[in-house]
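Values reported hereafter were calculated over all heavy atoms of this structure, with side chains retained and with hydrogens, waters and symmetry mates removed.
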Amino acid sequence: ATNSAWKLGFVGATRNASVAYRHGDVVVEFRAAVYETQKQGSELVNSRNRLAGPDWRIQYIEFAQVNRNLDSDFSASAIKRGADEYVVLHWYQYGADRTTNSYGAKWLELKSLFKPAPAMVVAVGVDPRNEKATAVLTEFVDVGSSSITGCLLAHEPGPTCKSPKSLSDR
């Protein structure tokens, strides 16, 4: 777990993950809320769920403003509360399938009725005031997030879920 003030505002999750990775002077914060099964009040897509707690200001930003080179399914948001500030890449995931919006997530939820798969929201953020933050964030998402989400979906806590090798070896 991290000491960050930023927490996901998702209710009813089976498991939550909150981990920080350091790359030089940039800290990448990884958050996930995993739903093994969903029922009323414990759903991935729910009007009460938010990217951050209620006292945070959340603004969607164009992903191209974050990094034009990373071609994947992510939404980007700027979140701010007082002096705390993050750029956050986030997505919904059902098994190996990803989507960036709640309608797509509801569609994947419907598909999972026929082929059950755990669901999760994944958010990865950095403090954008460091000039290297965006580059480190996109590298982390590109090389590290799939191994971590795979561990979360497979219930495999342990060393392979703790540190994306390509970032920690630098």
Q: From L89 CG over to T100 OG1, what is the distance, rounded to the nearest 0.5 angstrom?
A: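 With rounding to 0.5 Å, CG (L89) is 11.5 Å from OG1 (T100).
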
Q: Roughly how far, to the nearest 0.5 Å, is the OH atom of Y92 from the CG atom of D97?
A: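 Interatomic distance, D97 CG to Y92 OH, rounded to 0.5 Å: 15.5 Å.
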
Q: Heavy atoms only: give me the nearest D25-K132 pair and the separation to one decimal.
A: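 Residues D25 and K132, closest heavy atoms: OD1-NZ, 3.4 Å.
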
Q: Could you state the interatomic distance from CD (E29) to OH (Y86), rounded to the nearest 0.5 Å?
A: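 OH of Y86 is found 3.5 Å from CD of E29.
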
Q: Taking all atoms of both residues into account, what is the closest heavy-atom pair of Y94 and A119, and its distance?
A: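 Distance-wise, the nearest heavy atoms are CE2-CB, 3.3 Å.
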
Q: What are the two closest non-hydrogen atoms of W6 and L51, and how far apart are they?
A: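 Closest approach of W6 to L51: NE1-O, 3.3 Å.
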
Q: Go through the steps for V87 and T134 under the test side chain to side chain contact (heavy atoms under 4.5 Å, CB included), then give the verdict.
A: CA-CA 8 Å; V87 168; T134 302; 5.7 Å; no

Q: Search all heavy atoms of Q38 against all heavy atoms of E43 and return the closest pair with its distance.
A: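 So the minimum-distance heavy-atom pair works out to OE1-CA, 3.4 Å.
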
Q: Tabulate below the donor-acceptor pairs under 3.5 Å that side-chain atoms of residues 108-118 make, not counting sequence neighbours, or state none.
A:
from	atom 1	to	atom 2	distance (Å)
E109	OE1	K106	NZ	3.1
S112	OG	E109	O	2.7

Q: Any idea which heavy atoms bring V45 and A105 closest together, and the distance?
A: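 Of all heavy-atom pairs spanning V45 and A105, the closest is CG2-CB, 3.4 Å.
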
Q: Quick check: is V88 connected to V27 through a chain of hydrophobic side chains (ILVMFWY, heavy atoms under 4.5 Å apart)?
A: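 Shared cluster, no.
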
Q: Would a distance-only check, ignoring hydrogens and angles, find a side-chain to backbone donor-acceptor pair under 3.5 Å from R81 to A52?
A: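 Absent.
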
Q: Can you name the closest pair of heavy atoms from L44 and F10 and give their distance?
A: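 Looking at all heavy atoms of both residues, the shortest contact is O-CE2, 3.4 Å.
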
Q: Nearest 0.5 Å, please: how far is OH in Y35 from CG in N46?
A: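 One finds 7.0 Å between CG of N46 and OH of Y35.
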
Q: Go through the structure and list residues passing side-chain hydrogen bond (donor to acceptor under 3.5 Å, both in side chains) with R57, not counting sequence neighbours.
A: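 Expected list: none.
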
Q: Just list the side-chain donor-acceptor pairs under 3.5 Å for residues 121-129, sequence neighbours left out, or say none.
A:
from	atom 1	to	atom 2	distance (Å)
D127	OD1	R129	N	2.9
D127	OD1	R129	NE	2.8
D127	OD2	R129	NE	3.3
D127	OD2	R129	NH2	2.7
R129	NH1	A83	O	2.9
R129	NH2	A83	O	3.1

Q: Quick one: pull up OG1 in T99 and CD in Q93 and give me the separation to the nearest 0.5 Å.
A: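 Rounded to the nearest 0.5 Å, the OG1-CD separation comes out at 11.0 Å.
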
Q: Just how far is it from atom CG of L137 to atom CG of N130, taken to the nearest 0.5 Å?
A: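 Result: 11.5 Å between the selected atoms.
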
